[in-house]
Amino acid sequence: QVQLVESGGGLVQAGGSLKLSCAASGRAVSSYGMGWFRQTPGKEREFVEGLTSSGGSRYYADSVKGRFTISRDRTKNTVYLQMNSLKPEDTAVYYCAATRQYPSRWSADEMDYWGKGTLVTVSS
């Protein structure tokens, strides 16, 4: 079992950048497929970026293509989400998630473990 704790959220102006961190404990992040999801009130949790356990394949939502990047530091057992060129529509609670499977759809129901989330607010 792995425990996940997100940090790095905050308030940023449109066009700015933030880097979220997801610190894992209990198991190595390299044992899991790792993903970032986000959610706004009244909407379903949506996939943002994902990285397979091998680290060989990265997946992302079209809405963040070219702006966000997921990465992993095995020595720190931490996964990151670098967010550039932020837009007001990126405002959401961002969640880190882990799965023991190879995700076929990178959907929320494929994830086994979740962090509690960190709020990102992008002002216009």
Side-chain angles (χ1 to χ4, degrees):
Q1 185 166 334
V2 64
Q3 293 77 44
L4 306 171
V5 178
E6 304 95 334
S7 62
L11 175 64
V12 63
Q13 287 190 330
S17 298
L18 277 176
K19 187 174 184 178
L20 305 183
S21 299
C22 172
S25 60
R27 292 286 299 273
V29 292
S30 56
S31 300
Y32 301 93
M34 299 297 299
W36 285 96
F37 291 74
R38 65 187 182 186
Q39 189 171 24
T40 54
K43 294 189 176 181
E44 292 187 355
R45 197 166 294 187
E46 66 171 356
F47 169 72
V48 177
E49 290 250 349
L51 189 66
T52 56
S53 57
S54 67
S57 297
R58 174 178 156 247
Y59 299 85
Y60 48 84
D62 288 342
S63 58
V64 304
K65 182 180 180 181
R67 301 188 300 122
F68 291 11
T69 304
I70 188 172
S71 62
R72 181 177 69 188
D73 186 332
R74 292 187 180 188
T75 63
K76 296 182 179 180
N77 212 28
T78 299
V79 175
Y80 302 97
L81 183 67
Q82 177 67 48
M83 305 186 294
N84 300 326
S85 302
L86 282 160
K87 304 175 182 180
E89 51 264 43
D90 294 319
T91 295
V93 177
Y94 283 72
Y95 297 90
C96 177
T99 177
R100 293 166 295 188
Q101 313 167 54
Y102 190 100
S104 59
R105 296 169 286 112
W106 285 98
S107 61
D109 59 7
E110 293 181 290
M111 301 296 116
D112 297 306
Y113 305 101
W114 292 91
K116 293 184 177 181
T118 185
L119 176 63
V120 172
T121 303
V122 184
S123 63
S124 57

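This structure is a prediction, so every number in the text was calculated from the model and none was measured.
- Note on ring orientation: taking the six-membered ring where Trp is involved, the planes of Y113 and Y32 are perpendicular (angle over 60°, cut-offs 30° and 60°).
- Within 6.0 Å of CG in D62 there are 12 or fewer heavy atoms belonging to other residues, nucleotides or ligands.
- With sequence neighbours left out, A24 forms a side chain to side chain contact (heavy atoms under 4.5 Å, CB included) with V2, L4, V29, N77.
- Two residues are said to be in side-chain contact when any heavy atoms from C-beta on lie closer than 4.5 Å; V93 and R45 fail this criterion.
- Y59 is linked by a side chain to side chain contact (heavy atoms under 4.5 Å, CB included) to F47, T52, S57, Y102, W106, counting only residues two or more places apart in sequence or in another chain.
- The distance from atom CD of E46 to atom CD of Q39, rounded to the nearest 0.5 Å, is 9.5 Å.
- Among residues two or more places apart in sequence or in another chain, the side chain to side chain contact (heavy atoms under 4.5 Å, CB included) test is passed with S71 by Y80.
- Put simply, CG on L20 and CH2 on W36 are 4.5 Å apart, with the number rounded to the nearest 0.5 Å.
- Under the 4.5 Å side-chain heavy-atom criterion for grouping Ile, Leu, Val, Met, Phe, Trp and Tyr, L51 is connected to L81 within one hydrophobic cluster.
- Of all heavy-atom pairs between S124 and A14, the closest is CA-CB, 4.4 Å.
- Dense packing is recorded around CZ of F68, with more than 12 heavy atoms of other residues, nucleotides or ligands lying under 6.0 Å away.
- The shortest non-hydrogen separation linking K116 to E6 is N-OE1, 3.1 Å.
- Residues Y95 and L119 fall within the same hydrophobic cluster, defined by Ile, Leu, Val, Met, Phe, Trp and Tyr side chains chained together at heavy-atom separations under 4.5 Å.
- Following chains of ILVMFWY side-chain contacts shorter than 4.5 Å, one can reach V48 starting from V79, so the two form part of one hydrophobic cluster.
- Under the side chain to side chain contact (heavy atoms under 4.5 Å, CB included) criterion, S7 pairs with S21, sequence neighbours left out.
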Q: Any chance you could lay out the side chain to side chain contact (heavy atoms under 4.5 Å, CB included) test for Q82 and N84, step after step, and finish with the verdict?
A: CA-CA 7 Å; Q82 177 67 48; N84 300 326; 2.9 Å; yes
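- With sequence neighbours excluded, the residues that form a side-chain hydrogen bond (donor to acceptor under 3.5 Å, both in side chains) with S104 are E110.
- Summarising the geometry of T118 relative to G8, their closest heavy-atom pair is OG1-N, 4.2 Å, with the distance given to 0.1 Å.
- Without hydrogens or angle criteria, T99 side chain to D112 main chain gives no donor-acceptor distance under 3.5 Å.
- In this structure, S123 and L11 approach most closely via the heavy-atom pair CB-CD1, 4.3 Å.
- The salt bridge (charged side-chain N to carboxylate O under 4.0 Å, His left out) pairs that include a residue from residues 72-97 are R38-D90, R67-D90, where partners are two or more places apart or lie in different chains.
- Rounded to the nearest 0.5 Å, atoms CZ (R100) and CD (Q1) are 9.0 Å apart.
- Here the CZ-CD1 distance, from R58 to I70, works out to 8.5 Å after rounding to the nearest 0.5 Å.
- For the residue pair L18 and L86, the shortest heavy atom distance occurs at N-CD1, 3.9 Å.
- The heavy-atom pair separating A92 from T40 by the smallest distance is CB-CG2, 3.7 Å.
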